[in-house]
Amino acid sequence: MTFHIVTIFPDYFESPLKHGVIGKAVSSGIIKINPIDLRSFTKDRHRTTDDRPYGGGAGMVMIPGPLAKAVTSVRKGRKEVPVILFSPAGQTFNHKLAHELSQHKELVLICGRYEGVDQRIIDNFVDMEISIGDFVLTGGEPAALVLIDAVGRLIPGVLGSDESASDDSFATGLLEHPHYTRPRRFMEMDVPQVLLSGDHEKIKRWRRKKSLELTLKRRPELLKRAKLSQEDLKILAELGFYGDTKDE
Ligand code: SAM
């Protein structure tokens, strides 16, 4: 999978993508990062990428010319390569969207700066606007890193077989169960006995219960969309949840 990133700060992506599983996937070529310097598509000697907004007001807006050229140069008319613009007004990024995007071979990511980009770019060159949450960043670059990390780990071969993403929070529709590791006793706190039992069925049931418990406590709305078995519903009823689990 290749991530083409249109940005005025191409160096931004150097260090963060060198580390951990994403770093390994970049070194092995499973993930390719192609930062595209927006300024290389400017013509004036100041390499201008922004200008004052028509109608007045504070801040600057990214001019359309260099953005249009940068996107066109990388997309090369291939409609199957989605162009994504980061924007607080976009659809909120989540696991489902990360999974959908991981099915593509290439993505073009546009990182906004200043007050954002000229609307004509959004109307004619962008397939999807994505927000990473209800807050405002100074630029789209941190959002691009978030997307690359979340999408990248879902690409086959990026996580080792012992690090499968299939049990992760949200992948199952629920939050994940708690984890414990050595030592068995830490500051007078013990690892739950069931995890030491060696009884895999019992451990599986315990983990599912903890997962349901945590989701009910922290994100009960997720239960409406999660795939729940009769056993899950029984556990939830024991936990005091009798809510309608069907989609509204
Ligand atoms: N004037 C814009 C507004 O009020 O919606 C905010 C622009 S922000 C200072 C500059 C750039 O950061 C945006 O164009 C976008 O690319 C990026 N950005 C800011 N917040 C974001 C968010 N929550 N998710 C994704 N990108 C964001």
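Along the sequence shown, residues carry numbers from 1. Counting starts at 1 for both ligands and their atoms, following the listed order.
With respect to the salt-bridge test (charged N to carboxylate O, under 4.0 angstrom), the residues Glu221 and Lys224 do not qualify.
Summary of contacts: the protein heavy atom closest to atom 2 (C) of ligand 1 is Glu115 O, 3.5 Å. Closest to atom 6 (C) of ligand 1 among all protein heavy atoms lies Val136 CG1, 3.9 Å. With respect to atom 15 (C) of ligand 1, the closest heavy atom belonging to the protein is Phe86 O, 3.0 Å. Shortest contact from atom 20 (N) of ligand 1 to any protein heavy atom: Leu137 N, 2.9 Å.
Rounded to the nearest 0.5 Å, atoms CG (Leu67) and CG (Leu38) are 5.0 Å apart. Between atom CD1 of residue Ile121 and atom CD1 of residue Ile110 there is a gap of 7.0 Å, rounded to the nearest 0.5 Å. Interatomic distance, CG of Leu17 versus CD1 of Ile148, reported as 5.5 Å (0.5 Å rounding). Once rounded to the nearest 0.5 Å, the distance linking OG1 of Thr49 with CZ of Phe41 reads 13.0 Å.
At least one N or O atom of Phe135, backbone or side chain, sits closer than 3.5 Å to an N or O atom of ligand 1. Considering backbone and side-chain N/O of Ile132, one or more are found under 3.5 Å from N/O of ligand 1. Checked by distance only, ligand 1 and Gly112 come closer than 3.5 Å through their nitrogen or oxygen atoms. At least one N or O atom of Gly133 sits closer than 3.5 Å to an N or O atom of ligand 1. Checking only distances, Val117 never comes within under 3.5 Å of ligand 1, N or O to N or O. Distances between N or O atoms of Pro88 and those of ligand 1 include no value under 3.5 Å.
Contact annotation: for Ser87 versus ligand 1, heavy atoms closer than 4.0 Å belong to the backbone alone. Residue-level proximity to ligand 1 for Ile130 is carried by the backbone, the only part with a heavy atom below 4.0 angstrom.
Atoms of ligand 1 lying under 4.0 Å from at least one heavy atom of Gly116, given by number and element, are 14 (O). Contact atoms of ligand 1 toward Ala143: 25 (C), 26 (N) (distance under 4.0 Å to a heavy atom of the residue). Shown in contact with Gly140 at under 4.0 Å from a heavy atom are these atoms of ligand 1, numbered in order with element: 12 (O), 16 (O), 17 (C). Within the listing of ligand 1, atoms 7 (C), 8 (S), 9 (C), 10 (C) sit less than 4.0 angstrom from a heavy atom of Tyr114.
Contact detail for Met62 and Arg113: the closest heavy-atom pair is SD-N, 3.3 Å. Between Pro53 and Ala58 the shortest heavy-atom distance is CG-O, 4.3 Å.
Per-atom contact check: atom 4 (O) of ligand 1 does not touch the protein, criterion being a heavy-atom distance below 4.0 Å.
Using a 4.0 Å cutoff on heavy atoms, Gly139 counts as a contact of ligand 1.
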Assess the residue pair Asp37 and Arg39 against the criterion (salt bridge (charged side-chain N to carboxylate O under 4.0 Å, His left out)); give the C-alpha distance rounded to whole Å, side-chain angles, the decisive distance to 0.1 Å, and a yes or no. CA-CA 5 Å; Asp37 184 359; Arg39 292 194 195 282; 5.4 Å; no

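For the salt bridge (Lys or Arg N to Asp or Glu O under 4.0 Å) test, no residue two or more places apart in sequence or in another chain qualifies with Lys18.
Atom NZ of Lys209 sits in a sparse spot, with 12 or fewer heavy atoms from other residues, nucleotides or ligands closer than 6.0 Å.
For Asp127 (side chain) and Val83 (main-chain N/O), a donor-acceptor pair under 3.5 Å exists by modelled atom type.
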